[in-house]
Amino acid sequence: MNLTKTEEMKRNGTKNRKKRKLWLKIIGGILGTLVLFMGIVFVVHAISNGVEKKKIEPYGQYVNVDGKKMNVLIQGSGEQTIVLLPGQGTPSPALDFKLLIDELSPNYKIVAIEPFGYGLSDETEKERTTENIVSEVHEAVQQLGIDRYVLMGHSIAGLYGASYVNTYPDEVLAFVGIDSSVPNQPGMDVKLPLKSMQFLQESGLMRLLKKVSGDPYGGLAFDEHTKEQMNLISNQVTSNPTMMDELRHLGSNFKNGEQLTYPNDLPLLLFVQSNNEHNEQWIPLHEEQVKQSAQGKMIPMEGSHYLHHTKFKEIAEEFKAYMKQIQ
């Protein structure tokens, strides 16, 4: 049967409409499933947050800083004091340092600071500039009546620590870095996807990703209770507004501090990741840094950026030996 041109066009038009309807149904179904999935993830996240918050067990003590509560953990009663500062984004600093604290506390008094937005400390709306962070940490130390101490810190504490020791030179006995940042290290002007990071956390997708990727503390020497508490706190504080503001200031903080050096008369001990595949200059940068100190020493260690998770015994022993040497 021969169809006229008009009839053929009508038939094709009908087929095209059916195809469009089918595709619209498929796309609508996918979107509906996605919306339902996101809704379930969000509700589970909200309910879990409420339940988990009640399971978090307090540790340490609060000090009043700038009208807010800053949490600090004090362990040990040695004559010398070590003030511990965390790396950027470490959810529960006092617990994260637990393995190292347990090694050092028989000989030293350890004061682990949880800056605003971290661990059990309050959040703050004050800008997360290096100056503000350093000032707040110093106020916490003053509130505790500590006037002479070793400053020890992980990661970005290398930047904050360089500012700290120059601001309060009469208080700090030595600086010890655990794979600590170097103020002039390259690549710190990168734009971070902060909105995406916040969305992942607030939507509950980050919780889901962590669930399917396994325990981040699995295989480490932490006891199961500590692992559970760290995961609970991580779900509460990760990507909170205070932490996000610190990341927002990351580039400017490094830019403003790129000329910072350690005083020549300040003992300087740096534990540095020797297998950093992302930055070939990591070891040379720290080698240059230890030259700033008349008593500078660098100790390369193979491991993750969180060296204190696996090398806590070695760090403690090397630190004690170094302190005997400089004294």
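Being a predicted model, the structure only gives us computed values, none of them experimental.
A donor-acceptor pair is defined here as one N or O able to donate and one able to accept, closer than 3.5 Å; no such pair exists between the side chain of Asp189 and the backbone of Lys255. At distances below 3.5 Å, not a single donor-acceptor pair connects side-chain atoms of Glu171 with backbone N or O atoms of Arg148. Looking at Thr167, its side chain does come within 3.5 Å of a backbone N or O of Ser163 through a donor-acceptor pair. Asn276 contributes no side-chain N or O that, together with a main-chain N or O of Gln273, makes up a donor-acceptor pair within less than 3.5 Å. Between the side chain of Gln142 and the backbone N or O of Val137 there is no donor-acceptor pair closer than 3.5 Å. Side-chain N or O atoms of Tyr149 include none that pairs as donor or acceptor with a backbone N or O of Leu173 at under 3.5 Å. Between the side chain of Ser121 and the backbone N or O of Glu114, at least one donor-acceptor pair lies under 3.5 Å. Using a distance-only test at 3.5 Å, with no hydrogens or angles considered, no donor-acceptor pair links the side chain of Asp66 to the main chain of Lys68. Without hydrogens or angle criteria, Gln292 side chain to Tyr262 main chain gives a donor-acceptor distance under 3.5 Å. The backbone N or O of Leu95 lies less than 3.5 Å from no partner atom in the side chain of Gln229, so there is not a single donor-acceptor pair.
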Show, in sequence, the C-alpha distance, side-chain angles and deciding distance for Asp96 and His154, and conclude whether the side-chain hydrogen bond (donor to acceptor under 3.5 Å, both in side chains) test is met. CA-CA 11 Å; Asp96 185 80; His154 171 239; 5.4 Å; no

I would like to know whether Tyr118 and Glu246 meet side-chain hydrogen bond (donor to acceptor under 3.5 Å, both in side chains); could you show each step before the answer? CA-CA 11 Å; Tyr118 289 69; Glu246 186 179 357; 2.6 Å; yes

side-chain hydrogen bond (donor to acceptor under 3.5 Å, both in side chains) between Tyr306 and Thr90: does it pass, once the steps are laid out? CA-CA 10 Å; Tyr306 283 76; Thr90 301; 3.2 Å; yes

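Across Leu285 and Pro186, no two heavy atoms sit closer than the pair CD1-CD, 4.0 Å. Looking at every heavy atom in both residues, Ala162 comes nearest to Val165 through O-CG2, 3.4 Å. In this structure, Asn184 and Glu258 approach most closely via the heavy-atom pair CB-O, 3.6 Å. Between Phe175 and Gly158, the shortest heavy-atom contact is CZ-CA, 4.1 Å. Across every non-hydrogen atom of Ser135 and Tyr168, the tightest pair is CA-OH, 4.0 Å.
Atom NZ of Lys313 sits in a sparse spot, with 12 or fewer heavy atoms from other residues, nucleotides or ligands closer than 6.0 Å.
When each of Leu104, Ile178, Ile299 is tested with Ile315 by the rule side-chain contact (heavy atoms from CB on, under 4.5 Å), just one qualifies, namely Ile178. Paired with Asp179 under the rule side chain to side chain donor-acceptor pair (under 3.5 Å), one option of Lys311, His308, His305 passes, and it is His305.
Using cut-offs of 30° and 60° for the angle between ring planes, the Tyr108 and Phe319 rings count as tilted.
A salt bridge links Glu136 with Arg128: at least one charged nitrogen is closer than 4.0 Å to a carboxylate oxygen.
With Phe222 as the aromatic partner, Lys227 does not meet the cation-pi criteria of under 6.0 angstrom to the ring centre and within 45 degrees of the ring axis.
Considering only heavy atoms from C-beta on, Val272 stays 4.5 Å or farther from Leu307 through its side chain.
We find the CG-OG1 distance between Asp122 and Thr242 to be 9.0 Å, quoted to the nearest 0.5 Å.
Placement of Val72 and Phe116 within a single hydrophobic cluster is found when ILVMFWY residues are connected by side-chain heavy-atom separations under 4.5 Å, directly or transitively.
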